[in-house]
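In the text below, chain A, chain B and the rest are named by the order of the sequence lines, each starting its count at 1.
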Amino acid sequence: MRDSRRFSSYFIPTLKEDPREAEIPSHKLMIRAGMIRRLASGVYEFLPLGWKVVRKIEAIIREELNAIGAQEIIMSALQPKELWEESGRWELYGPELMRLKDRGGREFCLGPTHEEVVTRIVAENIKSYRQLPFSLYQFQMKFRDEIRPRFGIMRAREFYMKDSYSFDLTEEGCRNSYDKHYEAYKKIFTRCGLDYAIVEADTGNIGGEYSHEFMVLSSIGEEAVVVCSCGYGANTEMASYSIVEKSSDLEESSEEKEPVEVNTPGLSSIEEITGFMKMPAERFIKTLIYKTEKGLIAALIRGDAELNERLLKAAVGVEDLTMASPEEIQEATGAPLGFSGPLGIKVPIYADTEILSMKNAVSGANIKDYHLKNINPGRDFTPEWSGNLRLVRAGDLCPECSSELKILRGIEVGHTFLLGNRYSAPMQANYTDEKGDEKEIVMGCYGIGVSRLAAAAIEQHHDEYGIIWPTAIAPFEAVIIQIADDAESAAAGLYADLKEEYDILWDDRKESPGVKFKDAQLIGIPVQMILGKQFLKDGRVEVVFRSTGEKQYLLPEEIAGILKKHLRGK
RNA sequence: CGGGAAGUGGCUCAGUUUGGUAGAGCACUCGCUUUGGGAGCGAGGGGACGCAGGUUCAAAUCCUGUCUUCCCGACCA
């Protein structure tokens with residue numbers, strides 16, 4: 001369905017200056033181009049141009065999901081507390097859940113996601129193995145009371161999302177549904193013109209077995225992702241790696257010296273100590289005390305590394321892991337926060353692999369205001385356990401192909417989860433199999449942040465003049481810029497010829513040429529067709545492509561062919 | 001929640017240090033001119049300075065409180 005418009009009667013309030021509230025390109029440009037406006041922090045309205053882009057993305061997603069057999073529904077945004085208590089998430093989800101009461105005092109939330117609702121629907125209506133498998137999806141505004149909304153619609157409290165849910169008889173069937181969504185997602189993001197990476201991810205609040213994030217690569221991305229040229233990808237928490245032994249780590253002093261106490265009054269952070277002792281952070285052992293359900297433990301990582309709590313949890317074999325309080329640190333080490341070290345500590349030690357090869361290292365002395373030099377692992381202390389504990393670093397080696405890993409930043413636009421029975425079990429979404437046995441439905445869920453995707457696309461496609469839309473999601477595919485008044489009837493003719501086949505914006509405003517050129521660039525319409533001086537001289541239209549700046553002078557009858565080639569790839 | 005910055009016509013900002021009831025550019029209205037890169041000239045309309053309280057003869061300006069917004073961090077599918 002094409003939707004062509006005349007500029008003079010279409011609501012596009014463009015702005016000449018950057019709005020004060022915006023910091024990043026996509027946020028500035030969406031406001032300047034008249035796509036969105038802010039109502040409150042993290043709450044935005046979509047104006048015609050912005051909504052049109054969202055609807056185009058939506059259409060692509062709908063096509064690809066229908067192609068894998070998923071069925072579109074729409075669920076309620078308002079959800080009763082009881083439903084969330086069944087899944088246990090009324091408590092678990094925390095303050096991010098937007099809660100409210102009706103006049104009778106009954107409690108509700110505005111849906112941040114719809115696992116509970118959809119599982120209820122399926123639990124109530126599916127009884128037999130004959131009715132499975134199938135998938136449902138919807139487009140809807142989601143609500144999350146983000147601690148800090150950011151970057152316009154990039155991280156909003158109310159945002160437009162597509163969420164799908166698959167229902168299968170078996171785990172194997174669920175993997176199949178998962179793969180179908182995974183493949184559909186690849187097509188969707190490719191069609192939207194995005195440069196993206198797929199990474200292994202943690203399942204977080206949603207729960208479940210495993211998951212992938214679809215990340216649009218961008219320097220403003222809020223999450224770091226680890227990628228390899230071989231196709232391996234993971235977020236930093238999930239990334240595995242093998243370590244390169246750098247000779248410089250060992251060269252410093254190969255001969256093991258005797259431990260020496262050093263007075264370091266009031267110096268507790270790695271930064272302070274490295275400055276004081278004039279040694280690089282690589283020579284330090286960072287000793288972190290954690291509290292777990294099995295009691296207090298110590299984790300050792302090199303001074304320049306960051307701990308990966310997911311790995312530590314797995315190493316210790318615990319569910320709960322939190323940083324110890326100053327009192328607990330005193331209990332574990334006999335010294336205050338900032339002076340912990342591996343020697344003489346009273347709790348089990350879990351050491352990162354890198355620690356084992358360190359020579360004459362420095363760490364806390366477990367005595368207030370003292371550190372210890374010349375610590376040699378193995379000789380001076382022996383960890384209960386050792387293995388990888390730190391977060392991946394750029395330059396670590398890929399677990400699959402051993403090339404060096406790169407760390408990039410990404411905007412999460414899609415996330416797929418294999419849920420298993422996370423919701424079907426507590427909410428009793430069961431079916432009866434061939435043998436008459438009752439079984440739990442195996443579920444998957446799959447989200448795409450539609451409004452965020454629009455912003456992410458702008459982050460990847462813009463220049464100093466404005467947006468450069470990928471043609472598939474551009475609000476208009478081409479704009480007729482009518483400059484000379486004498487060209488009006490010709491512009492009208494061109495518009496009439498093209499408007500059924502393409503989304504055409506006809507800039508028929510009584511504005512100066514500069515205004516029209518600037519607006520066309522700002523809004524980022526892929527093809528500009530200019531009727532001005534040149535047209536009056538020899539009847540040829542100046543066709544300019546937004547992405548390359550390339551110009552062609554064409555007769556009106558030649559234009560349809562060019563648009564077909566450029567916009568439809570035919 | 002911790003740290004930082006900011007709220008002055010529709011928009012972007014100046015004025016606050018050194019109190020004396022407000023200004024620019026853009027936008028808007030009317031007229032004339034102009035028509036290939038956010039037009040020119042002329043004439044107009046529009047704000048009492050986020051809100052509340054206080055100091056003062058006098059507050060956009062000083063003090064106190066409060067609300068809102070943005071940025072960094074913590075946190076979070």
Who pairs with [X] by ring pair (Phe, Tyr, Trp, His ring centres under 6.0 Å), at least two apart in sequence or on another chain?
{"X": "A:Y196", "answer": "A:F189"}
{"X": "A:F134", "answer": "A:F167"}
{"X": "A:Y446", "answer": "A:Y178, A:H181"}

Does A:Q521 get its side chain close enough to the base of B:rG38, under 3.5 Å, for a donor-acceptor pair? no

Are A:D507 and A:Q482 close enough that a side-chain donor and a side-chain acceptor fall under 3.5 Å? no

Just by distance, no angles: are the side chains of A:R89 and A:Y423 close enough, under 3.5 Å, to form a donor-acceptor pair? yes

Under a 4.0 Å heavy-atom criterion, the protein footprint on nucleotides 22-27 of chain B, written with B, S and -, is ---BSS

Can you name the residues that form a salt bridge (Lys or Arg N to Asp or Glu O under 4.0 Å) with A:R157, not counting sequence neighbours? A:D145

Could you tell me which residues satisfy side chain to side chain contact (heavy atoms under 4.5 Å, CB included) with A:P526, sequence neighbours excluded, listed by chain and number? A:T471, A:A474, A:L567

I need the residues from residues 155-163 of chain A with at least one non-hydrogen atom less than 4.0 Å from RNA chain B; give them sorted by number, or say none. A:R155, A:F159, A:M161

Looking at RNA chain B, which of residues 526-538 of chain A put a heavy atom within less than 4.0 Å of it? A:I530, A:G532, A:K533, A:Q534

Which pairs pass ring-ring contact (aromatic ring centres under 6.0 Å, His included) with one or both residues in residues 508-532 of chain A, sequence neighbours excluded? none

For nucleotides 44-47 of chain B, list the nitrogen or oxygen atoms of the protein found under 3.5 Å from its nitrogen or oxygen atoms, one pair per line.
none

Give the nucleotide from the list B:rA74, B:rG38, B:rU69 with an atom nearest to the side chain of A:E21. B:rU69

Look for any protein N or O under 3.5 Å of an N or O in nucleotides 4-10 of chain B and output each such pair with its distance, or none.
| from | atom 1 | to | atom 2 | distance (Å) |
| --- | --- | --- | --- | --- |
| B:rU8 | OP2 | A:R20 | NH2 | 3.0 |

Side chain to side chain donor-acceptor pair (under 3.5 Å) against A:E58, all qualifying residues, sequence neighbours excluded: A:R55, A:R62, A:Y160

Partner lookup for B:rG42, please. Criteria are Watson-Crick or G-U wobble with both distances under 3.5 angstrom; report none if nothing qualifies. B:rC30

